[in-house]
Structure formats: structure tokens, C-alpha cells
Number of protein chains: 2
Amino acid sequence: MSRDDRAPVAGPSGDAPPNLGILLRAPFQEVVRRISAELAEAGFDDLRPAHTAVFQHIAPDGSRLTDLAERAQITKQSMGYLVDYLEQRGYLERRPDPSDRRAALICLTDRGWAQIHAALAIIHTVESEWTRALGKQRMRQLRELLTELGQITG
Amino acid sequence: MSRDDRAPVAGPSGDAPPNLGILLRAPFQEVVRRISAELAEAGFDDLRPAHTAVFQHIAPDGSRLTDLAERAQITKQSMGYLVDYLEQRGYLERRPDPSDRRAALICLTDRGWAQIHAALAIIHTVESEWTRALGKQRMRQLRELLTELGQITG
DNA sequence: TCCATCTCGTCAGTATCTCTGACTACCAGT
DNA sequence: ACTGGTAGTCAGAGATACTGACGAGATGGA
């Protein structure tokens, strides 16, 4: 269990051709920024970056804390901290797991679902903007190349 | 002054076509992971993710704390915290700025330069691997598309 | 059945990295 | 010299991660 999302990516000030790390970081962070800003505007202003780790990995019919932690690559203690916060604000609820009395099923509430739909809509908007700027053809290429890269890197 | 590197990027478990946020994140984090792991192997095992913000923005002939902070998009107090750490471990040194007695020039030491060269070499290795897997042609396309995207998003 | 062992989640404590606010020392224009 | 702005630090706090230890419940044999 461990994790590392942060981190700029090295290179002294004054590079001529930006390296791939930097090239990838710019659009990635643009997406993150947009989601964060526009979710806040949409009324989800009590969400912080770390909470995305929960929403991204939770199953539609509920997940166990341990599963969430493993998928998000953080400890279950850390995941517990995030889930507590989101439960208090009404995004999630814990239900007893009928098949194991030690466990709880962490489920999205209506508000939780609303947040997910809002976030997906924001991403879709960004993709549309990029498609308009880049052209449909080049956007498809980009998507293909990134998909391949994702397979290469596991 | 603020900053946000972290954060997965939304979407409930069970998406069919991964959105661009996720598509960009995978290779970006692969680069970050590789740099972190291989720098540690190379003897730079006292560096943590946040320190990249310093190395990435420092000018070859030295930078002021305030400049570093602004380029890295964090407060000068936060940058001060990182610089203190790196100075203690011999990656940086503070020299009095001859043109302003309030200021200090933060400069790379030999060890600091060695770290930068090592990090760039690692990125170069990763790029080579990807080029081998993707082909020279497609790698060039990817680089062009990401460069364009970087210009679009500012 | 009973016991050893494993798993689920939590409690407690700590490290890292960020922030805000307040402050000193210094610079620059009037 | 005053006045306002800038460079950097000190102090305190909050968010997000970690490790270690633990209790309750599950589970598979003896």
C-alpha cells in the first residue's frame, strides 16, 4: 500500500524541447483543475482533491473499505479518513454487509451520484473543447495513442 | 498561490471507454513513478516528490525563493520549507544576492546538478522505451499532439 | 466443537506538504 | 526621511498520507 500522484517531473529551468513528463502533465492537470473548479461552482464545494480517489473506485452497488483502499493504492486507514468525511457530508453511506458482519458496504447516496454525473459532464465538456481546437481526426489519434501507451505501461 | 497535482480524475468504477483524464493520468504517473524509483536506486533516496518542484524551476545560475515559489505555484513559505530540506542535504546552497541584501540566490550544488542529470536520463530512457513500443512515427505524433494541447490549455 | 489464524475496520500517533497571518529587514520613489 | 512595497522567516494550523496495534468476526482444520 502506497501512492504517488503528485510531483512535477524534473528538468532545470530553461529546457528547449520539453520532455514527455512535462508534456503529459500540462493537459492532465488542466483536467484536474477544471473538474475541481467547476464542481465547486456546481455546489460541490466541500470536496477536496483526495476525495476523487473514492468516487473513482467505488462500485455502483457499493464497495468495501479494504477494496477501495487497494484500488486507490492507499492504506485502508487513509481511505477510512476520506470515507468518514464524505459520509458526514452526505455523499456516501455505510450499510452493514449481509455476508460479513465485520465489513460495511460503502454506497453512493443520491448526492454522491449527482457528484459523479457532474464530474463526468465536466470531463466531457473539456474533451469537446479540445476536439474543437484539435480537430476530430487528431483528437481520435491522441486518444488512440494514449490508450496504447496505457497498455504498454500496464 | 496554490497548487494541485494529485487527484485521480472521476468516474465510477466500471466505465467502458476511459475518459481523457484517466488516459492522460496513466502515462504521466508512470513517468513520475519511474523517476522516483530510479532516482532512489541511483543514491538520491532522500528526495521526496515535492522536491521536484524545486529542481524543475531553479535557474542554472540560481533563483530567488520568491521566484521559485511563483513558478511552482506554491507559497514562498512552502518553497522555503522544501529549500531548507534540500540545502541541509547538500543539493542546494543559499548565496547572498549582490544586488539586494534582503534576498538570497538559491543555487544548485554539484550534487544538485547530478540529481538533475540523473532525472533527465531516466526520462530519456522512458521515452526511448515508449518509442520502441509505439514506433518512431507515432511517438512523434504523440509529442506533437501533446505540445499543441499544452498550447491550447495555456 | 474448539482453536489457530486470517481479515475487516478502527484507534493512536507521526510525517509530509501545504496554507494563512504576522513580522523584520531592506529597497525605492517622493 | 517618510511611505509603501518586496524578500524572506516564524508560528500555527489543516489535509493527507503513513505505521503499528488492536478488537471483533470469519474460517478451516484437528
Side-chain angles (χ1 to χ4, degrees), chain A residues 1-8 29 32 36 40 45-58 62-89 92-107, chain B residues 1-8 29 32-33 36 40 45-57 62-89 92-107:
Chain A
M1 293 189 185
S2 109
R3 173 192 157 114
D4 242 344
D5 264 35
R6 302 146 274 262
Q29 291 187 351
V32 172
S36 164
D45 55 347
D46 50 358
L47 294 176
R48 293 188 303 260
H51 299 136
T52 325
V54 182
F55 291 115
Q56 203 199 343
H57 295 291
I58 193 168
S63 297
R64 290 193 186 170
L65 188 66
T66 305
D67 286 346
L68 285 179
E70 192 183 345
R71 291 193 230 175
Q73 306 256 78
I74 60 176
T75 59
K76 41 192 185 155
Q77 294 93 321
S78 298
M79 185 53 79
Y81 169 84
L82 298 174
V83 167
D84 284 347
Y85 179 97
L86 292 174
E87 189 181 21
Q88 276 166 17
R89 327 260 150 165
L92 305 174
E93 60 180 358
R94 282 176 160 99
R95 299 184 197 153
D97 184 330
S99 72
D100 189 335
R101 264 188 297 163
R102 290 168 303 176
L105 274 178
I106 296 156
C107 299
Chain B
M1 294 186 186
S2 107
R3 170 192 158 114
D4 243 340
D5 262 33
R6 301 144 275 260
Q29 291 187 351
V32 171
R33 226 178 348 258
S36 165
D45 56 347
D46 50 359
L47 295 176
R48 292 187 305 258
H51 299 135
T52 325
V54 182
F55 292 116
Q56 201 196 344
H57 294 291
S63 298
R64 290 191 186 173
L65 188 67
T66 304
D67 286 346
L68 286 180
E70 191 183 345
R71 290 194 231 176
Q73 305 255 78
I74 60 176
T75 59
K76 43 192 184 155
Q77 295 93 321
S78 297
M79 185 54 80
Y81 168 82
L82 298 174
V83 167
D84 285 348
Y85 180 97
L86 293 174
E87 188 182 22
Q88 277 167 16
R89 326 261 150 163
L92 305 174
E93 60 180 357
R94 281 175 161 101
R95 298 184 198 153
D97 184 330
S99 71
D100 189 335
R101 263 187 297 161
R102 291 168 304 177
L105 273 180
I106 295 155
C107 299

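In what follows, chains carry the letters A, B, and so on, assigned in the order in which the sequence lines appear, proteins first and then strands, with residues in each chain numbered from 1. Every value quoted in this text rests on a predicted model; they were computed, and no experiment measured them.
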>> Tell me the closest heavy-atom pair linking B:L65 and B:K76, and the distance in Å.
In response: CD2-O, 3.8 Å
>> So, does B:S78 get its side chain near the phosphate of C:dC17, meaning an N or O under 4.0 Å from OP1 or OP2?
In response: no
>> Could you tell me how far apart A:E70 (CD) and C:dC8 (P) are, to the nearest whole angstrom?
In response: 9 Å
> Could you state the CG-C1' distance from B:D46 to C:dA15, rounded to the nearest angstrom?
Replying inline: 16 Å
>> Which residues pass the salt bridge (charged side-chain N to carboxylate O under 4.0 Å, His left out) test with B:R101, not counting sequence neighbours?
In response: none
> Of all the nucleotides listed (C:dT18, C:dT10, D:dT16), which has the minimum atom distance to the side chain of A:R48?
Replying inline: D:dT16
> Where along residues 98-107 of chain B does a heavy atom come under 4.0 Å from DNA chain C, residue by residue in number order?
Replying inline: B:D100, B:R101, B:R102
> Over how many whole Å does the gap from B:K76 atom NZ to C:dG21 atom P extend?
Replying inline: 14 Å
> Where is the tightest heavy-atom contact between B:I106 and B:R64, given as atom of each residue plus distance?
Replying inline: CD1-C, 4.2 Å
> Can you name the closest pair of heavy atoms from B:R94 and B:G80 and give their distance?
Replying inline: NH2-O, 4.3 Å
> Where the side chain of B:T66 is concerned, which of C:dT10, D:dG8, C:dC19 is the nearest nucleotide?
Replying inline: D:dG8
> How close or far is atom C1' of C:dT16 from atom NE2 of B:H51, stated in whole angstroms?
Replying inline: 9 Å
>> Is it the case that C:dG13 (base atoms only) and A:Q77 (side chain only) share a donor and an acceptor within less than 3.5 Å, ignoring hydrogens and angles?
In response: no
> Nearest-Å distance, CG (A:D84) to P (C:dA12)?
Replying inline: 13 Å
> What integer distance in Å separates A:I74:CD1 from D:dC18:C1'?
Replying inline: 11 Å
>> Whole angstroms only, please: what is the CG-P distance between A:L82 and C:dG9?
In response: 15 Å
> Between atom OH in B:Y81 and atom P in D:dA15, what is the gap in whole Å?
Replying inline: 17 Å
